Amino acid sequence: QVQLVESGGGLVQAGGSLRLSCAASGRIARINVLRWYRQAPGTQRELVAAIASGDITNYADSVKDRFTISRDNAKKTVYLHMNSLKPEDTAVYYCNADLRTWYEPLRNYWGQGTQVTVSS
């Protein structure tokens, strides 16, 4: 069974930094794309950053030059380094992956989410 488990969320002051982690577990054969989404209360879930094979990345305009997505293929883990945090970054952050296992074809998976709160 595939699981994505986020960690690293918490409370931080505006201007501070956090690093989120998402570890994938299971009989995973290949991870094609890893993504971070976020959702604030009363808003739609939005794509924050993505990283594909070859470490090709893209970012939402609102976080570009402040956030960095990276991956450790050996650990099957994706990170989101968040710098210069703003109160509007407050949200639940979700890990998302396109991957296949040794037994199943390519599918999309979600983590449970981790809360990030940025105080003024």
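This one's a predicted model, so the numbers in the text were calculated from it and none came from an experiment.
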Subject >> Nearest heavy-atom neighbours spanning A40 and A91 >> reply: N-CB, 3.8 Å
Original post:
Taking all atoms of both residues into account, what is the closest heavy-atom pair of S84 and S17, and its distance?
Top reply: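 So the two residues come closest at N-OG, 4.3 Å.
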Side chain to side chain donor-acceptor pair (under 3.5 Å) against [X], all qualifying residues, sequence neighbours excluded:
X	value
R35	N96, D98
Q3	none
R45	Q39

Subject >> Neighbour count >12 (heavy atoms, 6.0 Å) for atom CD, Q13 >> reply: no
**OP:** Fit a plane to each ring of W110 and Y37, take the angle between them on a 0 to 90° scale, and name the class: parallel (under 30°), tilted (30 to 60°) or perpendicular (over 60°).
**Re:** tilted
Approximate separation, where rounding is to 0.5 Å, of [X] [atom1] and [Y] [atom2]:
X	Y	atom1	atom2	answer
Q112	L4	CD	CG	8.5 Å
R66	D89	CZ	CG	4.0 Å
W36	L47	CH2	CG	12.5 Å
H81	S21	NE2	OG	7.5 Å
Y79	R19	OH	CZ	5.5 Å
R27	Q1	CZ	CD	14.5 Å

Original post:
Which other residues belong to the hydrophobic cluster containing V5, where Ile, Leu, Val, Met, Phe, Trp and Tyr are joined when side-chain heavy atoms lie under 4.5 Å apart, directly or via other members?
Top reply: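 When side chains under 4.5 Å apart are linked, V5 ends up in no cluster with other residues.
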Can you get from [X] to [Y] by hopping between Ile, Leu, Val, Met, Phe, Trp and Tyr side chains that sit under 4.5 Å apart?
X	Y	value
I31	L80	yes
Y94	L99	no
V12	V48	yes

Show me, pair by pair, the donor-acceptor contacts under 3.5 angstrom made by side chains of residues 51-65, not counting sequence neighbours?
unit_1: S53; atom_1: OG; unit_2: R30; atom_2: NH2; d: 3.2
unit_1: Y59; atom_1: OH; unit_2: I69; atom_2: N; d: 3.0
unit_1: S62; atom_1: OG; unit_2: R38; atom_2: NH2; d: 3.4

I want to check something: taking the side chain as every heavy atom from C-beta on, are [X] and [Y] in contact at a cut-off of under 4.5 Å?
X	Y	answer
L20	M82	yes
L18	F67	no
E88	V118	no

Subject >> Expected output: side-chain E6 to main-chain C22 donor-acceptor under 3.5 Å >> reply: no
Subject >> Flag, side chain of N108 to backbone of A97, donor-acceptor distance under 3.5 Å >> reply: yes
Original post:
Taking only residues two or more places apart in sequence or in another chain, which ones pass salt bridge (charged side-chain N to carboxylate O under 4.0 Å, His left out) with R100?
Top reply: none
